[in-house]
Enquirer: 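The following block contains the structure, expressed as structure tokens.
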Amino acid sequence: MNNRLKVLRAERDWSQQDLAERLAVSRQSVNAIETGKYDPSLPLAFRIAELFDLAIEAIFTSPSKG
Amino acid sequence: MRLNNKNPAMRRYLRRLAISMLLYMAFLFIALRYVDAVTGPLAYLLGALPGIAVLGVFWAIGRLLIEEADEYLRMLLVRQTLVATAFSLSIATVWGFLENVKLVPHVDAFYIAILWFVGLGVGSLVNWLTIGDSGDCK
């Protein structure tokens with residue numbers, strides 16, 4: 001699933017490890033989500049959205065619109 | 001194995017794996033040394049001891065599946081164990097039929113467990129080839 005995670009992370013000057021620690025996940029998870037290899041569960045998607053203070057659909061692009 | 005020592009679930013898994021392997025070596029030594037000296041239920045128990053220690057490895061991997069808090073790493077591990085199961089059962093099934101018609105020699109059943117552990121490596125390779133990440137458990 002396409003997403004803006006890398007852009008949002010770069011805007012805050014966070015490394016993948018920084019974001020991983022804030023989300024309490026592994027750096028591999030952040031990399032897999034950023035590159036679209038792995039779609040996060042709904043609870044993790046909410047954690048990501050809440051961390052950036054955005055709605056989920058402002059970060060992740062719906063596959064039907066993508 | 002990528003040793004992520006910050007991951008508490010992986011640390012527990014490695015500790016359980018090490019204990020199981022130490023028990024396996026000790027139980028194998030005891031079984032081979034003393035199984036001929038006993039009869040009846042005690043002989044069965046002694047003979048089964050090394051296998052019971054290997055069950056500890058299966059248990060450790062099962063606990064890792066439950067305790068791994070990172071959903072992505074857990075998904076990689078699930079895929080890895082499914083590939084290992086498919087790999088070992090496929091070879092064991094075909095080998096069994098070939099053995100049944102006497103085209104291949106008899107192989108002891110505990111080799112299925114060894115095949116499964118080899119299959120974990122195959123599963124890790126499959127993860128790496130398809131997702132680009134091999135996962136943690138090998």
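In what follows, chains are A, B, ... by sequence order, proteins preceding strands, each numbered from 1.
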Enquirer: Shared ILVMFWY cluster between B:V118 and B:L120, side chains joined below 4.5 angstrom?
Expert: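 Different clusters.
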Enquirer: Sub-3.5 Å donor-acceptor pair from the side chain of B:D70 to the main-chain atoms of A:S26, do we have one?
Expert: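 Yes, B:D70 side chain to A:S26 backbone: donor-acceptor pair under 3.5 Å.
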Enquirer: Quick one: does B:E71's side chain get under 4.5 Å of A:P40's, heavy atoms only?
Expert: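 A side-chain contact under 4.5 Å exists here.
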Enquirer: Could you note down all residue pairs passing side chain to side chain donor-acceptor pair (under 3.5 Å) where residues 28-42 of chain B supplies at least one of them, sequence neighbours left out?
Expert: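 Those involving residues 28-42 of chain B do not exist here.
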Enquirer: My understanding is that only residues two or more places apart in sequence, or in another chain, count here; which of them pass side-chain contact (heavy atoms from CB on, under 4.5 Å) with A:D18?
Expert: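 Applying side-chain contact (heavy atoms from CB on, under 4.5 Å) to A:D18 gives A:W14, A:S15, A:R22.
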Enquirer: Just checking heavy atoms, which of residues 41-51 of chain A are less than 4.5 Å from chain B?
Expert: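 The stretch touches chain B at A:S41, A:L44.
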Enquirer: Would a hydrophobic clustering, with Ile, Leu, Val, Met, Phe, Trp and Tyr connected at side-chain separations under 4.5 Å, put B:F27 with B:L46?
Expert: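 Yes; B:L46 is reachable from B:F27 via cluster members.
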Enquirer: Would you list the pairs meeting ring-ring contact (aromatic ring centres under 6.0 Å, His included) in which at least one residue belongs to residues 59-90 of chain B, sequence neighbours left out?
Expert: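 Sorted result for residues 59-90 of chain B: A:Y38-B:Y72.
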Enquirer: If hydrophobic clusters are built from ILVMFWY residues whose side chains come within less than 4.5 Å, do A:V7 and A:L5 share one?
Expert: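 No, A:V7 and A:L5 fall in different hydrophobic clusters.
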Enquirer: For a quick test of reading the model, state the closest non-hydrogen atom pair linking B:L73 to A:Q28 and the distance between them.
Expert: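 Reported closest heavy-atom pair: CD2-NE2, 3.8 Å.
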Enquirer: Assigning hydrophobic clusters by single linkage (Ile, Leu, Val, Met, Phe, Trp, Tyr; side-chain heavy-atom cutoff under 4.5 Å), is B:W116 placed with B:V78?
Expert: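 Yes.
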